[in-house]
Amino acid sequence: MIVKTWSFLPTEWSSHVEYAMPGVNLEVWILLFVNIAVVQGPLTLGLHCSELIANDIRDERQWRCATGIKGLRTATNPVKTIFTHPICVVLLVAKPFLHWMFGLSFQIYNNAIDGKLRGSSVNMNTPQIWNLCMALFLFACFFTFVALRRPRGPQPAAYGHLQTLANFGRVVACDVVGHKEDGTPYCHAGTSDKGPLPDVKMDCIYAGSGAGSLVPLS
């Protein structure tokens, strides 16, 4: 493959690898379908995993907003929830775009002679496969960064886990987690029924946290 044959859309000069499937019987169509499914299956599975990551991060964001001072306005329209979260918008655009790039990389042609179908062939376009690989690499880097990014603040991360939400559910009914009292060498944090507590001091170490940025309920 040379620079002259490199293009985003396949052309007649694009380098490609072709393999033919002679015949028009049922076995050939099943084999053709299985070939494409095996190649496209990992792409679909990877995009589904990235969707799970986006949903978990969206749930975590709502959980943190719900236990904040301003609270959370519940939205009954799922479309509005998707378009108001940047990661969901990125995923909404990337999924059809990557599948479209896959369609440019693997193309199926039907061979006909004198108006009769003689067989099919699959073209694997080399430049478009490289374009798809580069797009998938950028997509994977973005979601890897998003998945490894830690949420800010002292609030425990739940990521939609029901048992964790149930354990900390009393925070929603009471006040948000706050600073209760200073101590040496550990401070104490928790909730109070008597009124709002001061914000957690991010530069202090709290009892039972094991780290300065993690604060348990007490």
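Considering only heavy atoms from C-beta on, Ile53 stays 4.5 Å or farther from Ile87 through its side chain. In this structure, the side chains of Thr126 and Trp130 come closer than 4.5 Å at one or more pairs of heavy atoms. Proximity of Asn123 to Phe106: side-chain heavy atoms (C-beta onward) are nowhere separated by under 4.5 Å. Using a 4.5 Å cut-off on side-chain heavy atoms (C-beta onward), His85 and Ile57 make contact.
By the side-chain contact (heavy atoms from CB on, under 4.5 Å) test, Val38 pairs with Val34, sequence neighbours left out. By the side-chain contact (heavy atoms from CB on, under 4.5 Å) test, Leu31 pairs with Met21, Asn35, sequence neighbours left out.
Listed by first and then second residue, the side-chain hydrogen bond (donor to acceptor under 3.5 Å, both in side chains) pairs involving residues 39-54 are Gln40-His99, Glu51-Lys95 (not counting sequence neighbours).
Note that CZ of Arg58 is 10.0 Å distant from CG of Leu91, once rounded to the nearest 0.5 Å. Rounding to the nearest 0.5 Å places CE of Met124 at 6.5 Å from CD1 of Ile129. To the nearest 0.5 angstrom, Leu148 atom CG is 13.0 Å from Phe143 atom CZ. Note that CG of Leu132 is 11.5 Å distant from CH2 of Trp100, once rounded to the nearest 0.5 Å.
In this structure, Phe142 is not a member of the same hydrophobic cluster as Leu52, with clusters built from ILVMFWY side-chain heavy atoms closer than 4.5 Å. Both Phe97 and Leu47 sit in one connected hydrophobic cluster of ILVMFWY residues. Membership requires side-chain heavy atoms under 4.5 Å apart, directly or through other members.
The two atoms that bring Leu98 and Leu43 nearest to each other are O-CD2, 4.1 Å, heavy atoms only. Residues Phe83 and Val89 approach most closely at O-CG2, 3.8 Å, considering heavy atoms.
In this structure, the side chain of Ser105 does not engage the main chain of Asn125 through any donor-acceptor pair within 3.5 Å.
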**Prompt:** Going through the checks in order, is the side-chain contact (heavy atoms from CB on, under 4.5 Å) test met by Val122 and Gln107?
**Reply:** CA-CA 6 Å; Val122 179; Gln107 295 180 324; over 6 Å; no
